[in-house]
Amino acid sequence: MRTIPVSAENTYQIEVDVDWRTSLVDWTEGRSNVLIICSENFPVDTEFPTIQIPDGESGKTVSTLQNLWQKFAEHQIGRDDLIVAIGGGAITDVTGFAAATWLRGIDWIAIPTSLAGMVDASIGGKTGINSDAGKNLIGSFHSPKAVLIDTTWLETLTPRDTAAGLAEVIKCGFIQDLQILDLLRSKKLLDVINDNQLLVELIFRAASVKAEVVSQDFRESFKREILNYGHTLGHAIEKHSKYQLRHGEAISIGLCFAAELSQIKNGLSPHLVALHYEILESMGLPTRYPASAWTELELLMNSDKKNRVGQLRFVGLTATGECNRIENPNSKELFMAYERIAL
Ligand SMILES: NC(=O)c1ccc[n+]([C@@H]2O[C@H](COP(=O)([O-])OP(=O)(O)OC[C@H]3O[C@@H](n4cnc5c(N)ncnc54)[C@H](O)[C@@H]3O)[C@@H](O)[C@H]2O)c1
């Protein structure tokens, strides 16, 4: 087992490469009630009472929350009890929010089962649901007591979902941890899927990047913004594709766009820009998007909640591991960057 410390409202640890059942035992001792929340599509067999909820974005709703609050009442969940979320990022997001709101905040543990959940969604304390106004607009910061990462879950993940999770891992390589890029260079997706030791190392490194960034900037000012590298266009592409593309697939295209924009605005070296395409494509991720989508994507980027005070802003790279903020690039510069990734 390897551990990563996170300091948020409280200090807790991400335990990497554990057997989740064994690790969970320590957290359940002395609690009268432990309630497991998992997905209807991906049920988990445990000795504790278990509630299954709808999965994915369709599960991040007020009605799921109402159902969870009802179940918490039925199970008489009190302040000393424990909620355990087992699933992808959607399950940990909605369960964490239910834990944040029950009795004004009770303890919960995140056991992510998707790669995206292990390196991103379960870390950082953000919990929440979707609404008609948009994704993740309702939520709260409520960190788990621990994140337990057991890579045996990944054996049932589809190659497409593994690749989507790797997009966030690769992002961490470009913004902070060069070694991630070295580990992935000249590898193919199947090499990664079939090499558990490599997967553990990649998860440890990417989770460490996120943990370090959120520990320095829990409530999100500039430092935490570097995690949004590739996300300004990525979010717009995700919406434009009507969520047909996985989050990580949209981010992969967004990363190439951010690299091209960084070349235009920061003089990022052509070699580093090319490395984005090389590594992402070798993991089977998309790096290009139709030219005809640009007008709509520009509108979508301008309406994104992350682009505060009406300013369109991007995280850029000046070198590997060095980020800056690119504020209000003009339409010509944006289009020039988009043309380079357009199909
Ligand atoms: N809180 C945060 O900081 C944060 C950060 C990033 C993303 N998110 C959220 O995370 C969600 C995306 O997470 P995700 O990519 O894990 O998607 P997801 O939770 O929608 O899961 C994707 C699919 O994978 C399945 N699945 C999960 N684990 C599996 C496994 N081991 N084997 C087989 N199938 C498995 C799920 O049942 C689901 O159908 C989004 O809702 C996003 O908003 C939150």
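Start at 1 with the first residue, then count along the sequence. Atoms within each ligand, like the ligands themselves, are counted from 1 in listed order.
- Aromatic ring pairs are classed by plane angle as parallel below 30°, tilted from 30° to 60° and perpendicular above 60°; the pair Phe314 and Phe257 is tilted.
- Ion pairing of Glu168 with Lys210 is absent here, as no side-chain N (NZ or NE/NH1/NH2) approaches a carboxylate O to less than 4.0 Å.
- With sequence neighbours left out, Tyr12 forms a ring pair (Phe, Tyr, Trp, His ring centres under 6.0 Å) with no residue at all.
- A salt bridge between Asp161 and Arg246 is present, with a side-chain N of the basic residue lying under 4.0 Å from a carboxylate O of the acidic one.
- Protein residues having at least one heavy atom under 4.0 Å from any atom of ligand 1 are Phe42, Asp55, Gly56, Glu57, Lys60, Gly88, Gly89, Ala90, Asp93, Thr113, Ser114, Ala116, Asp120, Ala121, Lys126, Lys135, Asn136, Trp153, Thr156, Leu157, Lys210, listed by chain and number.
- Remark: Lys188 NZ is loosely packed, at most 12 non-hydrogen atoms of other residues, nucleotides or ligands lying under 6.0 Å away.
- Taking the six-membered ring where the residue is Trp, Trp294 and Phe335 present tilted rings, their angle falling between 30° and 60°.
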